Number of protein chains: 2
Amino acid sequence: MSALTNAIDILRCFSTTRPDLSFADVQVLTGKPKSSTSRLLRSLRDCGLLEQDPHSRRYRPGLLTFELGRLHRAHDDLIATAERELRDVCARTGHTGYIAVLDGYQQVVLRIVPGSNPLRVVNPPGQRTPAIITSNGRAMLARLSDQEIRARVPLDYPKVPGNSPQNFTELMARLNEIRRSGISDAADEAIEGVGSQGFALASGESGELIGIAVSYSVQATTELERANVRRELGAMAAKLRRMTGDPLGQTIEQLAGLAS
Amino acid sequence: MSALTNAIDILRCFSTTRPDLSFADVQVLTGKPKSSTSRLLRSLRDCGLLEQDPHSRRYRPGLLTFELGRLHRAHDDLIATAERELRDVCARTGHTGYIAVLDGYQQVVLRIVPGSNPLRVVNPPGQRTPAIITSNGRAMLARLSDQEIRARVPLDYPKVPGNSPQNFTELMARLNEIRRSGISDAADEAIEGVGSQGFALASGESGELIGIAVSYSVQATTELERANVRRELGAMAAKLRRMTGDPLGQTIEQLAGLAS
DNA sequence: CCGTTTGTTCCATTTTTCGGAACGTAGTGC
DNA sequence: GCACTACGTTCCGAAAAATGGAACAAACGG
């Protein structure tokens with residue numbers, strides 16, 4: 001286990017629910033001896049990857065991560081294109097739009113398009129959620145080969161909300177349904193009372209895969225309205241697939257071979 | 001030189017002007033042998049700090065930096081407070097506001113408040129600029145002790161625009177002027193035709209130091225308007241200094257001792 | 001003043017890293 | 001078809017760094 005690996009393990013302890021950590025927190029979360037934790041935290045702080053609050057002595061991601069994180073946005077083409085289209089749809093429907101990517105079996109929110117409806121934005125950019133309990137998460141999974149999916153989902157299937165697939169078999173059934181229809185949906189899963197519909201978009205040339213979704217309050221929308229969202233998404237998906245050369249039908253590995 | 005140091009050296013090669021790099025770019029910029037570069041890039045990619053475009057094979061900051069960069073924003077109190085006040089001033093004056101921090105002898109833009117005037121935002125968040133050629137950069141430097149300043153400015157004084165201090169003596173004269181007046185200004189320095197005024201704000205309890213500035217087109221503003229900006233900034237500075245317990249008059253080292 | 005919590009430093013051992021050189025692998029010109 | 005070059009990866013012994021247990025230090029609480 002290299003020094004870099006250990007450093008990354010520390011960095012991965014930080015999340016939206018734990019934006020800053022004390023020495024002890026890090027030690028518990030990583031399970032490393034005190035001496036190693038001490039040395040690593042100092043290194044990470046000295047190099048700018050972490051900052052330490054002089055008062056509370058707690059650690060948080062540093063200036064360098066801020067700078068690099070901004071640069072990550074440059075990675076555009078596919079995302080920017082999708083975001084433009086998503087803005088149109090959100091403006092028309094009033095709902096909130098999300099763009100996310102897959103990382104392991106989790107999805108990470110990259111962009112948000114706030115809607116005009118009074119549903120609060122609940123997943124800020126950077127938020128991680130198990131892909132199996134969101135509409136665009138499942139949409140992305142559905143684009144992978146069955147063996148890739150099996151490799152990503154933890155062996156002991158995680159505890160999920162009632163409306164989500166409760167085991168691997170149910171998950172695969174749901175993914176196959178998505179593969180047929182091209183659109184994925186969810187209701188009352190990650191968040192009580194919130195529903196969403198989404199689809200996955202792959203880039204023909206880069207092999208990237210992103211999920212695009214629109215979310216809304218289940219109570220505050222009618223069946224008719226949700227059908228309209230579905231139409232909008234279908235149209236957006238068709239348009240984006242043409243624009244990006246999405247080779248629908250092939251799994252992502254067949255294209256690029258670069259598993260994340 | 002540890003593995004982490006080398007990794008950081010690679011990460012620091014990325015910037016707004018160079019958001020992605022090829023293998024060769026990295027090798028030239030770091031001056032390391034090919035084998036080391038190869039191994040390190042692979043490690044960084046595997047751990048998520050970098051991504052590699054499957055097509056162009058170029059590297060860019062990865063998903064992990066995006067996530068951590070978002071978390072850096074949580075580091076708020078001082079910045080959020082300042083941003084709120086800055087928004088008010090920008091709304092009243094129509095100019096663009098900046099909040100930045102010092103890193104070595106450079107400043108890094110943290111927040112931008114776009115104004116209503118048609119001056120384009122030229123420094124996106126994450127942008128690095130030598131602190132000696134900006135108004136808030138100099139304002140922050142002026143809050144350090146003379147020896148700290150000397151330690152930060154490179155020994156061979158950098159080549160700077162005509163209106164900026166041309167050598168260390170001129171710089172110190174300018175900083176002393178800022179120390180007297182509390183407000184710093186710049187015109188036609190970092191960007192042709194753009195002027196700005198700013199000040200530095202320190203937090204009494206955390207010892208943090210940030211720079212706050214308002215920038216405008218020199219041609220499109222009158223002397224009277226700039227005097228108004230100065231009044232606005234003076235008022236904002238006074239208010240913020242009360243709110244944050246800024247111990248004006250002391251250098252930052254005397255407070256916290258934590259040099260970045 | 002002693003026990004606890006919290007974090008740092010020491011140091012011998014183990015593990016990585018380092019970097020020169022050899023080894024692929026395309027692409028390019030002739 | 002063949003040398004030539006640009007670009008990158010893998011190998012391997014020497015050298016350097018990480019590791020973690022234990023001693024040490026500092027702050028806190030009672």
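The chains referred to below are lettered A, B, ... by the order of the sequence lines, with proteins before strands, and numbering in each begins at 1. What you are looking at is a predicted structure, and each value in this text was computed from that prediction instead of being measured.
- For DNA chain D, the span of nucleotides reached by chain B at under 4.0 Å from its heavy atoms goes, 5' to 3', from D:dG8 to D:dA18.
- Salt bridge status for A:Glu148 with A:Arg143: absent, with no side-chain N to carboxylate O gap under 4.0 Å.
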For nucleotides 7-23 of chain C, read 5' to 3', which letter fits each nucleotide if B means a protein heavy atom sits under 4.0 Å from the base, S means only the sugar-phosphate is that close, and - means neither? BBB------SSBBB---
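- In this structure, the helix from C:dC1-D:dG30 to C:dC30-D:dG1 shows an angle of 40° between the axis at its start and the axis at its end, each fitted on 5 base pairs and rounded to 10°.
- Between the side chains of A:Gln127 and A:Thr16, a donor-acceptor pair is found at a separation under 3.5 Å.
- Here B:Asp20 pairs with B:Arg58 in a salt bridge; the nearest charged N to carboxylate O distance falls below 4.0 Å.
- Put simply, the side chain of A:Phe14 does not reach to within 4.5 Å of the side chain of A:Arg18, judged on heavy atoms.
- Side-chain atoms of A:Thr134 and A:Gln107 include a donor-acceptor pair closer than 3.5 Å.
- The existence of a salt bridge linking B:Glu51 and B:Arg45 is excluded, since no basic side-chain nitrogen approaches an acidic carboxylate oxygen closer than 4.0 Å.
- No donor-acceptor distance shorter than 3.5 angstrom exists from the side chain of B:Ser38 to the backbone of B:Lys34, with no hydrogens or angles considered.
- Using modelled atom types and a 3.5 Å distance limit, the side chains of B:Ser22 and B:Asp25 yield a donor-acceptor pair.
- Heavy atoms only, all atoms of each residue included: B:Leu102 and B:Ala131 are closest at CD1-CB, 3.6 Å.
- By the 4.0 Å N-to-carboxylate-O rule, B:Arg152 lies too far from B:Asp103 to be salt-bridged with it.
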